[in-house]
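Each remark here refers to the structure printed beneath this line.
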Amino acid sequence: MGILDKFEHSVERVVNNAFAKAFRSEVKPVELASALRREVDDRAAVVDRDRTVIPNEFTIELSPVDYEQVEAWGSEALADELAANVTEHASSQRYAFVGPVTVTFLEHEDLETGRFRVRSATIRGAVAPATTSAPSPRHPLVDIDGQRYLLTGPVTVIGRGSEADIIVDDPGVSRRHLEIRVTPEGVVASDLGSTNGLFVEGHQVPAATLLDGNTLTIGRTRIMFWTGESADDQDQ
């Protein structure tokens, strides 16, 4: 099953369940899913060689008839499924988000039944979804308060400011607090001259080479580090 087929099939799982039989709109969920995928591809912005950022907030404008049907069928369930599929597509293309993925529906009187518009925006948030459900065998991974991020680039900056690659909502974290650098010799975490410092396994350090399972603390935020390697890889 190809990427597009998987993308559409995932939405069709919802459509085919019992309560989805009430869905009689000219607009079909698979059409919405495909439109979101096209929107993501069209608006993908290359930040550097290893990082392409895509929108994370999507608004689907529907005709009154279609909007009524979506609401009656269950707009929240469909929105969640569409958001999940955007994330799945992002994983297949190695795209990155800067905030949580959301999908909302709006009613527009100027649209005819069966017609819809997709609008998107790139909005930074405190967390963003990792574009994979499991650690990659090639990329390290960090878990920040339960949210996972793949370190797909050579350098990742974590901080409270908008210029950070990963933004954390913590007043004890500096705007550019921590740098994680992936090198052939290992993954190195370095304090960027922050106010409250960097702690690895409870010890304050200016920099440290990270091991699988290490815990880092900045401000009140705990960061778990994983190499992304399998047990066999680590034994070699």
Side-chain angles (χ1 to χ4, degrees), residues 40 44-56 86-87 89-101 122-230 233-234:
V40 161
V46 178
V47 176
D48 56 41
R49 187 180 66 179
D50 300 308
R51 191 162 183 255
T52 299
V53 173
I54 58 173
N56 58 294
V86 168
T87 304
H89 179 61
S91 177
S92 74
Q93 300 300 314
R94 295 192 177 183
Y95 294 150
F97 298 105
V98 298
V101 179
T122 303
I123 307 297
R124 284 189 177 274
V127 297
T131 50
T132 185
S133 59
S136 163
R138 291 172 294 176
H139 298 302
L141 177 146
V142 293
D143 183 300
I144 303 178
D145 292 335
Q147 183 65 55
R148 292 173 295 183
Y149 301 84
L150 279 180
L151 306 181
T152 57
V155 178
T156 300
V157 174
I158 302 174
R160 185 168 46 86
S162 60
E163 64 271 27
D165 296 305
I166 300 175
I167 301 174
V168 293
D169 185 13
D170 182 341
V173 172
S174 298
R175 295 183 63 82
R176 287 171 54 87
H177 196 118
L178 168 66
E179 173 190 278
I180 300 180
R181 183 177 295 271
V182 181
T183 75
E185 292 74 35
V187 180
V188 179
S190 301
D191 182 19
L192 295 176
S194 66
T195 300
N196 295 320
L198 163 66
F199 293 80
V200 177
E201 298 298 326
H203 301 284
Q204 185 169 4
V205 294
T209 298
L210 300 178
L211 302 176
D212 192 57
N214 274 163
T215 300
L216 297 76
T217 304
I218 55 174
R220 298 179 181 176
T221 300
R222 188 181 72 167
I223 302 171
M224 296 294 297
F225 170 79
W226 307 103
T227 62
E229 298 176 351
S230 66
D233 293 331
Q234 295 179 32

Item to check | Distance, nearest 0.5 Å, that separates OH of Tyr95 from OG1 of Thr87 | outcome: 13.5 Å
Next on the checklist: Distance check, rounded to the nearest 0.5 Å: Thr221 atom OG1 versus Ile144 atom CD1?
Outcome noted: 7.5 Å
Checklist entry - Do you know which two heavy atoms are closest between Leu198 and Ser190, and how far apart they sit? => result CD2-C, 4.2 Å
Checklist entry - Taking atom NE2 of His203 and atom OG1 of Thr217, what is their separation to the nearest 0.5 Å? => result 11.0 Å
Checklist entry - Do any N or O atoms from the side chain of Asn56 and from the backbone of Phe97 form a donor-acceptor pair under 3.5 angstrom? => result no
Item to check | Heavy-atom donor-acceptor pair, His177 side chain to Gly197 backbone, under 3.5 Å | outcome: yes
Next on the checklist: I need the Leu178 CG to Leu192 CG distance, nearest 0.5 Å.
Outcome noted: 6.5 Å
Checklist entry - Between CG of Leu210 and CD1 of Ile223, what distance do you get to the nearest 0.5 Å? => result 9.5 Å
Checklist outcome for this item: Here the pair of heavy atoms bringing Phe225 nearest to Pro140 is CE1-CB, 3.7 Å
Checklist entry - Got a donor-acceptor contact below 3.5 angstrom from the Asn196 side chain to the Gly172 backbone? => result yes
Checklist entry - Which pair of heavy atoms, one from Thr195 and one from Ser174, lies closest together, and at what distance? => result N-OG, 3.1 Å
Item to check | Separation between CZ of Arg222 and OG1 of Thr215, rounded to the nearest 0.5 Å | outcome: 5.5 Å
Checklist entry - Which atoms form the tightest heavy-atom contact between Ser162 and Ile167, and what is the distance? => result CA-CD1, 3.9 Å
Item to check | Glu179 (side chain) donor-acceptor with Thr156 (main chain) under 3.5 angstrom | outcome: no
Checklist entry - Would you call Glu163-Arg175 a salt bridge at under 4.0 Å N-O? => result yes
Checklist entry - Looking only at heavy atoms, what is the nearest atom pair of Ile218 and Val173, with distance? => result O-CG2, 3.5 Å
Checklist entry - Taking the side chain as C-beta and beyond, is there a heavy-atom pair between Val86 and Val40 under 4.5 Å? => result yes
Next on the checklist: To check you understand the geometry: which heavy-atom pair defines the closest contact between Leu216 and Ala189, and what is its length?
Outcome noted: CD2-CB, 3.8 Å
Item to check | Non-hydrogen side-chain atoms of Arg148 and Asp143 separated by less than 4.5 Å | outcome: yes
Item to check | Under 3.5 Å: donor-acceptor pair, side chain of Arg176, backbone of Gly159 | outcome: no
